[in-house]
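One structure is given below, encoded as structure tokens.
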Amino acid sequence: MKPLLAFLITLGTAVMLTRFSTPRVVRAQDTCTSASLRGGYGYTFSGATVDVASYAAAGRLVADGQGKLYGAETESLDGDIFQRNYTGTYVVNADCTGSEYTNDNFGAATRCDFVIVAGGREVQVIEADAGTVIVGRLKHQ
């Protein structure tokens with residue numbers, strides 16, 4: 001009986017060591033489409049531009065899953081506060097990267113590039129207009 005018990009303990013120890021020492025396999029997110037960006041997202045952005053030393057914004061974006069979006073936000077430009085509404089379009093690439101193009105109620109056009117992560121529950125964004133260093137994160141509501 002003792003040899004069987006010793007064998008089982010050794011086998012159990014080997015299984016545990018193998019399980020905890022084997023690296024976890026990381027799998028890429030599934031292929032994305034325009035439908036991967038769908039519904040309401042709350043967000044914050046921060047950074048600076050050539051003209052503005054301190055930029056921050058918080059708002060809500062709604063994407064229709066077919067390439068159209070709209071939203072509203074409150075912006076702080078060096079401490080001056082503005083409410084901005086916008087509409088636009090977006091494209092999503094199969095690798096879950098994409099771009100959005102918006103026009104706002106002040107007549108300004110903006111382009112952002114993004115990557116969809118966490119199965120569409122989060123989007124990481126950078127403004128892609130010259131003279132800006134603005135980044136943000138959208139979280140699905």
Side-chain angles (χ1 to χ4, degrees), residues 2-141:
K2 286 183 183 180
L4 179 60
L5 182 60
F7 172 75
L8 291 175
I9 289 172
T10 303
L11 180 63
T13 302
V15 168
M16 294 296 282
L17 287 174
T18 302
R19 174 160 185 165
F20 291 118
S21 65
T22 304
R24 296 181 66 184
V25 176
V26 177
R27 291 188 170 80
Q29 182 169 325
D30 293 337
T31 300
C32 288
T33 67
S34 291
S36 302
L37 187 64
R38 182 180 196 158
Y41 292 82
Y43 64 82
T44 57
F45 283 84
S46 62
T49 72
V50 182
D51 301 322
V52 177
S54 178
Y55 172 88
R60 183 171 189 261
L61 174 145
V62 178
D64 71 355
Q66 298 176 5
K68 294 189 189 303
L69 60 84
Y70 65 90
E73 67 184 21
T74 298
E75 292 182 320
S76 173
L77 308 173
D78 287 334
D80 293 329
I81 306 299
F82 301 91
Q83 276 72 42
R84 184 174 88 93
N85 299 304
Y86 56 88
T87 59
T89 60
Y90 65 93
V91 293
V92 176
N93 303 313
D95 66 356
C96 299
T97 62
S99 297
E100 70 171 58
Y101 308 87
T102 60
N103 293 293
D104 68 17
N105 55 308
F106 297 109
T110 303
R111 176 179 174 228
C112 292
D113 289 337
F114 60 82
V115 60
I116 300 169
V117 296
R121 293 183 310 276
E122 188 173 308
V123 182
Q124 297 174 358
V125 185
I126 185 167
E127 186 171 334
D129 294 318
T132 64
V133 183
I134 297 173
V135 295
R137 180 170 290 160
L138 288 72
K139 291 197 177 198
H140 198 267
Q141 296 179 299

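Excluded from the calculations below are hydrogen atoms, water molecules and symmetry mates; all remaining heavy atoms, backbone and side chain alike, are included. Residues: numbered from 1 along the sequence shown.
Contact record, Val91 with Phe114: O-CZ, 3.5 Å, taken as the closest heavy-atom pair. When all heavy atoms are compared, the tightest approach of Thr110 to Cys112 is CG2-SG, 4.1 Å. Of all heavy-atom pairs between Ser99 and Asp113, the closest is OG-OD1, 2.7 Å.
Remark: Asn93 engages Asp95, Thr97 in a side-chain contact (heavy atoms from CB on, under 4.5 Å) (not counting sequence neighbours). The ring-ring contact (aromatic ring centres under 6.0 Å, His included) test applied to Phe45 returns Tyr43, not counting sequence neighbours. Checked against salt bridge (charged side-chain N to carboxylate O under 4.0 Å, His left out), Arg60 has no partners two or more places apart in sequence or in another chain. Legend: residues meeting side-chain contact (heavy atoms from CB on, under 4.5 Å) with Thr89, ordered by chain and number and at least two apart, are Tyr101. With sequence neighbours excluded, the residues that form a side-chain contact (heavy atoms from CB on, under 4.5 Å) with Asn105 are Arg84, Asn85. In this structure, the side-chain contact (heavy atoms from CB on, under 4.5 Å) partners of Lys139, at least two apart in sequence or on a different chain, are Glu122, Arg137.
Side chains of Thr102 and Leu69 form a contact here, defined as non-hydrogen atoms less than 4.5 Å apart.
The stretch residues 69-94 participates, sequence neighbours left out, in no ring-ring contact (aromatic ring centres under 6.0 Å, His included) pair at all. For residues 34-47, there are no salt bridge (Lys or Arg N to Asp or Glu O under 4.0 Å) pairs, not counting sequence neighbours. Contacts classified as ring-ring contact (aromatic ring centres under 6.0 Å, His included) and involving residues 120-141 (residues at least two apart or in different chains) are given here: Tyr41-His140.
Going from atom OG1 of Thr44 over to atom CD of Glu73 covers 10.5 Å, rounded to the nearest 0.5 Å. Note that CG of Leu138 and CD1 of Ile116 are 10.0 Å apart. Values are rounded to the nearest 0.5 Å.
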Could you pull out all donor-acceptor pairs under 3.5 Å where a side-chain atom in residues 123-132 meets a protein atom, sequence neighbours excluded?
unit_1	atom_1	unit_2	atom_2	d
Asp129	OD1	Arg111	N	3.4
Asp129	OD2	Arg111	N	3.1
Thr132	OG1	Asp129	O	2.6

Can you give each donor-acceptor pair under 3.5 Å made by side-chain atoms of residues 47-58, sequence neighbours left out, with the distance rounded to 0.1 Å?
unit_1	atom_1	unit_2	atom_2	d
Thr49	OG1	Asp51	N	3.2
Thr49	OG1	Val52	N	2.9
Tyr55	OH	Glu75	OE2	3.0

